[in-house]
Amino acid sequence: MSFGFDGVTVELGGKTAIEDVDLEVEPGAVTAVIGADGAGKTTTSRTLVGLVSPSAGIVRRPRTEAIGYQPEAAGTWRDLTVTENLAFVARAHGLAPGSERHRELLEVTGLGSAADRLAGDLSGGMRQKLAVAMAMLPRPEMTVLDEPTTGLDPMSRAEVWRLLARAAGEGTAVLATTTYLNEAERASHVVVLDNGRVLAAGTAQSIRASFRGLLGVTGARPQGAPAWRRGNQWRVWAQDGPLPAGARAVPPDLEDVVTAAALSRREAS
Amino acid sequence: MSGRLAESRVVSKRFVDNLAVDGVSISVSAREIVGLVGANGAGKTTFIRMLLGLLRPDQGQVLLFGEAPTRATRRRIGYMPQSLGLYEDLTVRQNLDFTARVFGVEPALLEGDLAELGDSLVADLPLGLRRRVGFLASLSHRPDLLVLDEPTSGVGPLGRADLWETIHNAADDGAGVLVTTHHMDEAEQCDRLVLLSAGRAVAMGTVEEILAGKVTVEVTPVDTASALAALESAGLPVLPTGAHLRLPGVSMASVRTILGDGVALAESRSSLEEAFMTLARAS
């Protein structure tokens, strides 16, 4: 059975935080919800785990005890050691602390040598890996992690995604939110949120393939067509018809697809 | 001063038992964008604070416009800290007016979709717009050197494209820019990159120079989960990417030894992110 949303809308303090969002979080797969600050990522996480009720739509989720949830920038007790943090989670779920599972998670997170260090003394990357290990420990049916990689360096980010892939490999349905578009490649399903609405959804590949029209590269800002700067060059978007003279056609990447969609939305409003 | 706007010469800074910055020498010249990348805790913000003259190095020397940092050199710098340095209980217009008075210049114009936001409290704006206001404030006195600490953190793709357009325009107009970022596609837009790891500059150069000779082995396993587990327990760096596993900076032979002959392997150029992983592992 798959978890997720069917047409979910959430109102918070009189404002629409997310609107008509569909979401599939499948066991054995990692779903990434990607968006800028204020796009609705945290509301999506909180609604999926049942901390917020939708004003419309259906939320499909397992019973609360079978959910692992790591809110943004939280999750570990800084004045407990790595081992104590894991033991606390074990006891909260009625499991024996210090189990084989505990040792296995210390090993896969590379935290074995830091087992007796206070969580507050760990680097950001190590602390976040501990948070993921804590979410994985009881083998939940669904794990939801809000921005587990924000502020981490590329290597630590890759390690966190590797752990999420491992959790999915154990059969858990994993949802992680992020502000980094390139992390879409690490997930099986991707939902891009903008201003509370779904801007694009699918696999990274299918989102790239959904680009309508032609994308070109030019050295100077083109006139008369939607364009945005990438590096030392400009991307120009011909929605229908040919590219302007002097533009060289390139295949759009995820960043281009999402930028074009955001541009369309900005112009429509 | 040979066109160098900012220069650090083997600067180091220790906090109690933590050597935050360890012998870093870099320079920023007019019209160039230098990207400072590295993990949280690698020393980027400490380094920036020393370069600005806000923190005194234990060892080494900082030169701004050819001299030691002073209040006069500070006037020629536009600095946007991660915390933005805006007053949240003032409006956008009041913030820009305040900054302009401090520097004795005309306040920045609010253009495009910022035009209607002059009377909004900064506290009421989403982070993306707040960053753009912070950026305008740091640019209003037309600084010769721009120092931007994670200017696009938490900002959406379109907002990031807008911010980078302004950064490139400032450089085209003659400013030197030092910028930190965790976004690799932004790092690729820099003229030069410096990779900090545990306080040391472990790599320096253009994107091409940093990528030169860096390869990643791509594995297409039949059973991804068991291949992942085998490679990880051998201590190799593995990045799951779609249906593949990518191993930066690892030889084909070492992967073959672990997975046997039945698995498809290919060698490809490393991405910038993968190259940084290889460099950070090596240091």
Side-chain angles (χ1 to χ4, degrees), chain A residues 30 34-39 107-108 110 123-125 147 149-159 161-162 164-166 168-170 179-182 185-188 192-195 199 203-205 221 228-232 234-235 253-263 265-266, chain B residues 33 37-42 113 125-131 150 152-162 164-169 182-191 197 207 224-226 228-229 232-233 235 237-242 245-246 248 271-274 276-277 280-281:
Chain A
V30 181
I34 305 183
D37 287 354
E107 191 188 315
V108 300
S123 71
E147 299 203 28
T149 58
T150 293
L152 301 188
D153 59 286
M155 179 122 113
S156 301
R157 274 157 50 191
E159 286 182 8
W161 280 99
R162 196 169 48 79
L164 300 182
R166 190 177 181 108
E170 295 175 348
T179 59
Y180 302 104
L181 256 179
N182 63 342
E185 305 288 349
R186 311 226 184 281
S188 351
V192 181
L193 288 182
D194 177 52
N195 249 327
L199 200 59
T203 63
Q205 204 175 3
R221 172 158 221 158
W228 57 93
R229 191 156 185 168
R230 281 284 295 272
N232 296 320
W234 291 84
R235 292 283 199 275
D253 63 15
L254 214 52
E255 182 98 12
D256 293 318
V257 178
V258 172
T259 306
L263 201 60
R265 186 163 285 180
R266 183 195 277 182
Chain B
I33 302 175
V37 293
N40 281 4
D113 52 343
L125 296 183
L127 183 70
L129 287 174
R130 250 189 249 195
R131 287 206 181 273
E150 291 195 30
T152 61
S153 169
V155 181
L158 194 54
R160 294 201 285 127
D162 288 345
W164 272 90
E165 183 177 349
T166 320
I167 293 173
H168 283 287
N169 287 343
H182 283 310
H183 288 279
M184 288 300 116
D185 61 294
E186 295 180 4
E188 282 169 5
Q189 303 191 20
C190 297
D191 300 309
S197 177
V207 173
T224 308
S226 67
L228 183 63
E232 278 181 358
S233 52
V238 194
L239 300 171
T241 306
L245 300 174
R246 288 179 64 84
S271 68
L272 192 56
E273 183 160 2
E274 291 166 347
F276 284 148
M277 286 179 65
R281 266 171 70 86

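Residue numbers start from 1 in every chain, and the chains themselves are labelled A, B, ... in the order their sequence lines are given, proteins ahead of strands. Below, each value reflects all heavy atoms present in this structure, side chains not excepted, and no hydrogens, waters or symmetry copies. Everything numeric here is computed off the predicted structure, so don't read it as measured data.
- With A:Arg157 contributing its side chain and B:His182 its backbone, the two residues share a donor-acceptor pair below 3.5 Å.
- Interface remark: A:Ala165 contributes side-chain atoms only to the contact with chain B (heavy atom separation under 4.5 Å).
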Practice task
Dump the intermediate steps for salt bridge (charged side-chain N to carboxylate O under 4.0 Å, His left out) on A:Glu255 and A:Arg230, then the final yes or no.
Solution key: CA-CA 10 Å; A:Glu255 182 98 12; A:Arg230 281 284 295 272; 5.3 Å; no
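- Evaluated for a side chain to side chain contact (heavy atoms under 4.5 Å, CB included) with A:Leu199, the options A:Ile34, A:Val257, A:Val258 yield exactly one hit, A:Val258.
- Looking at A:Thr259, both its backbone and its side chain come within 4.5 Å of chain B, counting heavy atoms on both sides.
- Put simply, the side chain of B:Arg130 gets close to the backbone of B:Leu125: a donor and an acceptor are under 3.5 Å apart.
- In terms of heavy-atom pairs under 4.5 Å with chain B, the best-connected choice from A:Ala36, A:Gly169, A:Gly35 is A:Ala36.
- The contact between B:Glu232 and chain A is made entirely by side chain atoms (from C-beta outward), counting heavy-atom distances below 4.5 Å.
- Interface summary for chain A: among B:Glu186, B:Arg160, B:Glu274, B:Glu150, the most heavy-atom pairs under 4.5 angstrom belong to B:Arg160.
- The backbone N or O of A:Ser188 sits nowhere less than 3.5 Å from a side-chain atom of A:Thr203 that would complete a donor-acceptor pair.
- Of the atoms belonging to A:Leu263, heavy atoms from both backbone and side chain fall under 4.5 Å from chain B.
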